[in-house]
Protein chains: 2
Amino acid sequence: MAGFPDITPVHAERATQWLSQSNVRPTRQRVTLAALLMGDGRDRHVTAETLFEAASAADGKVSLATVYNTLRAFCDAGLLREIVVDGAKSYFDTDLCDHPHFFWEDSAELTDAPRESLDIRNLPAAPEGTHVVAVDVVLRLRRS
Amino acid sequence: MAGFPDITPVHAERATQWLSQSNVRPTRQRVTLAALLMGDGRDRHVTAETLFEAASAADGKVSLATVYNTLRAFCDAGLLREIVVDGAKSYFDTDLCDHPHFFWEDSAELTDAPRESLDIRNLPAAPEGTHVVAVDVVLRLRRS
DNA sequence: CTAGTTGCAAAGTATTTGCAATTCA
DNA sequence: TGAATTGCAAATACTTTGCAACTAG
């Protein structure tokens, strides 16, 4: 459930660059959140709530509203990908490529599914005047 | 947006049987909603709100809370399939088979995508102790 | 008759927003 | 400095729930 890295100076530095490169102003709050998300370079799935808790535990001083706004800003800047699975929460994924996800119905958790194998052919064509922004593939899991 | 059939006696009759067969008690409200959903045998995608409006227009006398409860009941009974796409609303589909959907980001509408073509191979295996309940494939569309 | 269902209004959950105070470039 | 960002609290959007009144079998 936890799985967020500590915020080391190195992580903060990396986070700052990540933001600057996408023209997102690296404020203190955004650097904190960015460092938690990608400080160690690993892929992560977060909700506003989990990230807020991690930030509060780490250095505090980020309001929940800012977490929401920041996640949205990161998404708009192309730093994150929003994955919508359950009616209630939105998940944000640091891995930008299309890849399948497992959604665990009992715990409402979202995890990566092995992507190597998946092979989707003959994807329906986008209707006239539109293009496909993303292909969400979610495997809903239930306890056997 | 509309696309709901009128509620004819034939539709009501068909709806009643549909419910009875799944051990869902065919109350007046449920028959109304069921007739709107599958009276004419066509596939449909609804949200609580669209179905509520259709019911209100048709014969009235169904509260929004009941629409929510009923959609959930139909789902539990295996008469509908819930499709989760966007953070806000839940969609319900009368077509129970796995098939891909288009989600139109600008209008927040959900429609079927042509299913003939789609060919998914090597779906990741379900982790130990779980099974895959459904595979949701959603193509998010944006205006070009 | 009585267990299941309805409707209302109230509560809940996830998220967004208005706006004054603050902060980064 | 000035435009962008923050934080709070209030607002919003969707959905569920408590409970008394009703209804199908």
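Each chain gets a letter, A, B and so on, in the order its sequence line appears, and its residues count up from 1. What you are looking at is a predicted structure, and each value in this text was computed from that prediction instead of being measured.
Put simply, B:R30 has no side-chain N or O that comes within less than 4.0 Å of OP1 or OP2 on D:dA24. For A:S90, a side-chain nitrogen or oxygen approaches OP1 or OP2 of C:dT15 to under 4.0 Å. When the side-chain nitrogen and oxygen atoms of A:S63 are compared with OP1 and OP2 of D:dG7, one or more of them lie within a distance under 4.0 Å. At D:dT16, one or more side-chain N or O atoms of B:R72 fall inside 4.0 Å of OP1 or OP2 (strictly under the cut-off). OP1 or OP2 of C:dT15 sits under 4.0 Å from a side-chain N or O of A:Y68. Distances shorter than 4.0 Å separate none of the side-chain N or O atoms of A:Q29 from OP1 or OP2 on C:dT23.
For the pair B:P26 and B:A65, both in contact range of DNA chain D, the more 5′-proximal nearest nucleotide belongs to B:A65. If you find the closest nucleotide of DNA chain C to B:V67 and to A:L64, the one lying nearer the 5' end belongs to B:V67. Positionally, the nearest nucleotide of DNA chain D for B:A48 lies more toward the 5' end than for the other of B:T27 and B:A48.
Between the side chain of A:R42 and the backbone N or O of A:P5 there is no donor-acceptor pair closer than 3.5 Å. Of the possible donor and acceptor atoms, none in the side chain of B:R81 sits under 3.5 Å from a partner among the backbone N and O of B:D93.
The CD atom of B:E49 sits 16 Å away from the P atom of D:dT12 (whole-angstrom rounding). Distance, B:N69 CG to D:dC19 C1': 13 Å, rounded to whole Å. Atom-to-atom, CZ of B:F52 to C1' of C:dG7 comes out at 11 Å; the value is rounded to the nearest Å.
For A:D136 and A:H101, the side-chain atoms include no donor-acceptor pair closer than 3.5 Å. Side-chain polar atoms of A:Q21 and A:Q17 form no donor-acceptor pair below 3.5 angstrom.
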